[in-house]
There are 2 protein chains.
Amino acid sequence: MITIKDIAEMANVSRSTVSRVLNDSGYVSEEARKRVESVVKETGYAPSEYAKSLRTKKTKVIGVILPTIQTETPSRIVTGLGRELSKHGYQILLANTDHDKVKELEYLDLLKVRQVDGIVLIATNTDAKLMKKIKEINIPLVMIGQEAEDVMHVTYDDYRAVRELTRLFIQKGHEKIAFIGVDESDRAVGYYRKKGFLDEMAAQGLSVEQAWVQKAIFDIASGHEAMEKILKNTNKPTATIAVTDRLAIGAMSYLKEKGMKIPTDMAIAGIGASEMSQYMEPPLTTVDYQNEKAGEEGAKQILASIESRPLQEKIVMDYRLIIRESV
Amino acid sequence: MITIKDIAEMANVSRSTVSRVLNDSGYVSEEARKRVESVVKETGYAPSEYAKSLRTKKTKVIGVILPTIQTETPSRIVTGLGRELSKHGYQILLANTDHDKVKELEYLDLLKVRQVDGIVLIATNTDAKLMKKIKEINIPLVMIGQEAEDVMHVTYDDYRAVRELTRLFIQKGHEKIAFIGVDESDRAVGYYRKKGFLDEMAAQGLSVEQAWVQKAIFDIASGHEAMEKILKNTNKPTATIAVTDRLAIGAMSYLKEKGMKIPTDMAIAGIGASEMSQYMEPPLTTVDYQNEKAGEEGAKQILASIESRPLQEKIVMDYRLIIRESV
DNA sequence: CTGTTAGCGCCTTCAG
DNA sequence: CTGAAGGCGCTAACAG
């Protein structure tokens, strides 16, 4: 392996001088600079990031913890993160928890050991243990997707989005509306989206039967089951809001199996603006959360934090309703 | 920051001894070990990976270059890679090229500078420049998805899979079969899948009209357009093979717009076993390539290569036809 | 069994 | 403007 020492010898200067031209720091005569540069070019030398990190305590690596990369939301966020970070010479160290909360904690430690300059956590929960660790970790960290006190975060406006979606249904004349949600330990998706729904229904003086509110997990099959349960009730709703597009797609597949027409027998909407949503039959009404942009914003936050520049503690992304034929 | 030196002092031993207990190497008395371990526990000390890497020349990081993480194939591969690598204490450094071939080359350099222990390249081309760089790079590397000489790789059996798919259609009585492919610079997806189709048709003595063979790009809309072109021809095919599920889904959406029935007016199949394929109407016939497993195999290869253990240069994954109502 | 010593490759004073 | 020297945190001989 070729090192700074080799370059120094070949260019007939000291290692310090080589370092200076490499980092554009301090004074270097034109002549010396040229000699060094040409040697660097010839040899294709590139300084060791590891040795550099050891000295400077900067690694130019951001750890990203996520629950899965198999669904569109985190994938898009990572794409946004990567785009922004790479502009500034940072790389992403990936930590996939596979939805395992224990791994989430372990990775926090691991990334600390790896001495990443910052951590981005695409969060699905805000458990006490997790929050405690986050506060102890002492590395710039931003959470995406969940809000939390004293932690920088980028969130979506889950509450308002779902209220607006609910209002849309009501404006279309629906009074009996069902809801497919997820566990409330996921505050953003489970709690706030549900609250938005319930609050809007209450505000409009509409009541909600218990059987209309189903709890599912994050996959298509679960949406299918949830719709089945909703329709078992004798008092049947005429519209359903699902907290993710995949749940909505699952629900639609059940409706179609039973020969029910969308939106006439049952109107339906999801959240997430998945690619598939527009190719459903009928095309699915959904909410675009601009996940890539959220990733970019998260990246900007973490970079600002690393450079201890002033920054916002909290960013709430805007959303956009995409109204299609399913309502 | 707490270092090995601090631990040594607190445990009243030398740094070497601390290092020994940390790495379980050499002899350490029970007593000393216990003292060190308890201090480590109390302090929560974790050795710096960077300093360690500088010494050992091992980083326990694998660079993964991919064209996008927004589609299922690479996401699944990365999931498989991550699962296997993390078992062995390796982390993934992500390099997303965003389908940019120039970035692909740059990342190869960057990962070298970062001194990753190995590189996994989820490849979409085998351009001369790329292959040249790969051969020069001098770091263990495995390609996934494309075959190449003198480079370890994991590939799918594209040729046989498509031949079998074509045969399936023919057995069902189809004689006029269309094909939606992609550019042949992608050898695996563009060239071999097409060749499988054409060879099987020829073998069965069936002719293929030029308009039946369309070239698309990797998205749903492109599949839609391709089907439109196919149906402009006066001699209309009765079945279509698309090289990806998304292309097939796009093609299906066109057929539905035109009120054509699947599979009676047009049978259709895709490749990739996407999650959506089973929720299409009708459910889409496709080929499962076991991408996660391919990722795991790739991980095993790269680990073997890093440890210079004997290994296979080449792995061809098995595939599985998933026959559903779309044919 | 344990401590001393000598770097790994780089950056950063500090003199000159 | 430039070189010498020191040290980042760690591991790996090598003596004891």
Side-chain angles (χ1 to χ4, degrees), chain A residues 1-37 39-40 43-61 89 109-117 138-139, chain B residues 1-40 43-61 89 110-117 138-139:
Chain A
M1 187 191 186
I2 169 161
T3 76
I4 198 172
K5 193 170 157 234
D6 303 319
I7 303 297
E9 282 166 7
M10 292 170 76
N12 252 304
V13 293
S14 72
R15 292 175 304 168
S16 333
T17 303
V18 175
S19 176
R20 284 187 194 103
V21 343
L22 254 32
N23 299 296
D24 237 348
S25 62
Y27 299 103
V28 180
S29 67
E30 248 336 281
E31 204 198 352
R33 152 164 284 120
K34 281 203 174 131
R35 277 213 308 282
V36 171
E37 278 170 351
V39 172
V40 168
T43 55
Y45 164 75
S48 154
E49 288 292 330
Y50 283 83
K52 202 186 277 189
S53 296
L54 186 57
R55 251 328 294 243
T56 62
K57 306 290 174 209
K58 297 255 162 273
T59 59
K60 289 275 186 174
V61 171
D109 284 327
L110 180 68
L111 292 176
K112 174 157 193 175
V113 171
R114 292 271 185 192
Q115 284 160 247
V116 296
D117 290 346
N138 208 24
I139 296 179
Chain B
M1 185 192 188
I2 169 161
T3 77
I4 198 171
K5 193 170 157 235
D6 303 319
I7 303 297
E9 283 166 6
M10 292 169 76
N12 253 304
V13 292
S14 72
R15 293 174 304 166
S16 336
T17 301
V18 177
S19 176
R20 281 188 196 102
V21 344
L22 255 31
N23 299 294
D24 237 349
S25 61
Y27 301 101
V28 181
S29 67
E30 248 335 282
E31 203 199 352
R33 152 165 284 119
K34 280 201 174 134
R35 278 212 310 282
V36 171
E37 277 169 352
S38 83
V39 173
V40 167
T43 55
Y45 163 75
S48 155
E49 287 292 329
Y50 282 83
K52 202 186 276 190
S53 295
L54 185 58
R55 246 334 294 236
T56 61
K57 306 293 174 206
K58 298 256 163 271
T59 59
K60 290 273 186 176
V61 172
L110 179 66
L111 292 176
K112 176 158 192 173
V113 170
R114 291 273 185 188
Q115 284 158 240
V116 295
D117 290 345
N138 207 24
I139 296 179

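Just so it is clear: chains get the letters A, B, ... in the order the sequence lines come, proteins before strands, and each one is counted from 1. Only a predicted model underlies this, so the values are computations on that prediction, with no experimental measurement involved.
In this entry the distance linking NZ of Lys34(A) with C1' of dC1(D) reads 16 Å, nearest Å. Atom C1' of nucleotide dC8(D) and atom CD of Gln115(A) are separated by 10 Å, given to the nearest angstrom. Atom CG in Asn23(A) sits about 13 Å away from atom P in dT13(C), given to the nearest Å. Atom NZ of Lys5(B) is separated from atom P of dC8(D) by 7 Å (rounded to the nearest Å). Rounded to an integer number of Å, the gap from Leu22(A) CG to dT2(D) C1' is 16 Å. Distance, Lys52(B) NZ to dG7(C) C1': 18 Å, rounded to whole Å. If you take CD of Glu30(A) and C1' of dC1(D), they are 12 Å apart, rounded to a whole angstrom. Between Lys57(A) atom NZ and dC10(C) atom P the separation is 16 Å, expressed in whole Å.
To the nearest 0.5 Å, atom OG of residue Ser53(B) and atom CZ of residue Arg114(A) are 7.0 Å apart. Atom-to-atom distance recorded for Ile7(B):CD1 and Glu9(B):CD is 10.0 Å, nearest 0.5 angstrom. One distance of note links CD of Glu49(A) with OH of Tyr50(B); it measures 8.5 Å at 0.5 Å rounding. The structure places NZ of Lys52(B) at 9.0 Å from NZ of Lys60(B), a figure rounded to the nearest 0.5 Å.
With dT2(D), dT2(C), dC10(C) as the candidates, the nucleotide lying closest to the side chain of Ala32(B) is dT2(C). Listed candidates were dT11(D), dC10(C), dT2(C). Nearest to the side chain of Ile4(B) is dT11(D). Side-chain proximity of Tyr27(A) to dT11(D), dG9(D), dT2(D): nearest is dT2(D). For Thr56(B), the side-chain atoms get nearest to dT11(D) when compared with the rest of dG9(D), dT2(D), dT11(D). When distances run from any side-chain atom of Arg55(B) to the nucleotides dG9(C), dC11(C), dG7(C), the shortest one goes to dG7(C). Closest approach to the Leu54(B) side chain among dG9(D), dT2(C), dT2(D) is made by dG9(D) (side chain taken as heavy atoms from C-beta onward).
Residues Val40(A) and Met10(A) fail the side-chain proximity criterion, which asks for heavy atoms closer than 4.5 Å. The shortest side-chain heavy-atom distance between Arg33(A) and Asp24(A) falls under the 4.5 Å cut-off. No side-chain heavy atom of Tyr45(A) sits under 4.5 Å from any side-chain heavy atom of Val36(A).
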Table of protein N/O atoms under 3.5 Å from nucleotides 14-16 of chain C N/O atoms:
none

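With Gln115(B) as the fixed residue, the side-chain contact (heavy atoms from CB on, under 4.5 Å) test singles out one of Thr59(B), Ile139(B), Leu54(B): Thr59(B). Residue Ile4(B) forms a side-chain contact (heavy atoms from CB on, under 4.5 Å) with just one option from Ser48(B), Ser19(B), Pro47(B), and that option is Ser19(B).
Put simply, the side chain of Arg15(A) never gets that close to the backbone of Lys5(A): no donor and acceptor are under 3.5 Å apart. Between the Thr43(A) side chain and the Val39(A) main chain, a donor and an acceptor come within less than 3.5 Å of each other.
Proximity of Ser19(B) to the phosphate of dT11(D): a side-chain N or O atom is located under 4.0 Å from OP1 or OP2. Within the 4.0 Å cut-off from OP1 or OP2 of dT2(D), at least one side-chain nitrogen or oxygen of Ser29(A) is found. Remark: Tyr45(B) is in phosphate contact with dC10(D), judged by side-chain N or O atoms under 4.0 Å from OP1 or OP2.
A heavy-atom distance below 4.0 Å to DNA chain C is reached by these residues of residues 7-18 of chain A, ordered by number: Arg15(A), Ser16(A).
Comparing Ala51(B) and Glu31(B), the nucleotide of DNA chain C nearest to each residue sits closer to the 5' end for Glu31(B).
Closest of all the heavy-atom pairs between Asn138(A) and Lys112(A) is CB-NZ, 4.3 Å. Residue Ala8(B) comes nearest to Ser14(B) through the heavy atom pair CB-C, 3.7 Å, listed as atom of the first residue, atom of the second, then distance.
For the helix from dC1(C)-dG16(D) to dG16(C)-dC1(D), the axis fitted to the five pairs at one end and the axis fitted to the five pairs at the other end meet at an angle of 40° (nearest 10 degrees).
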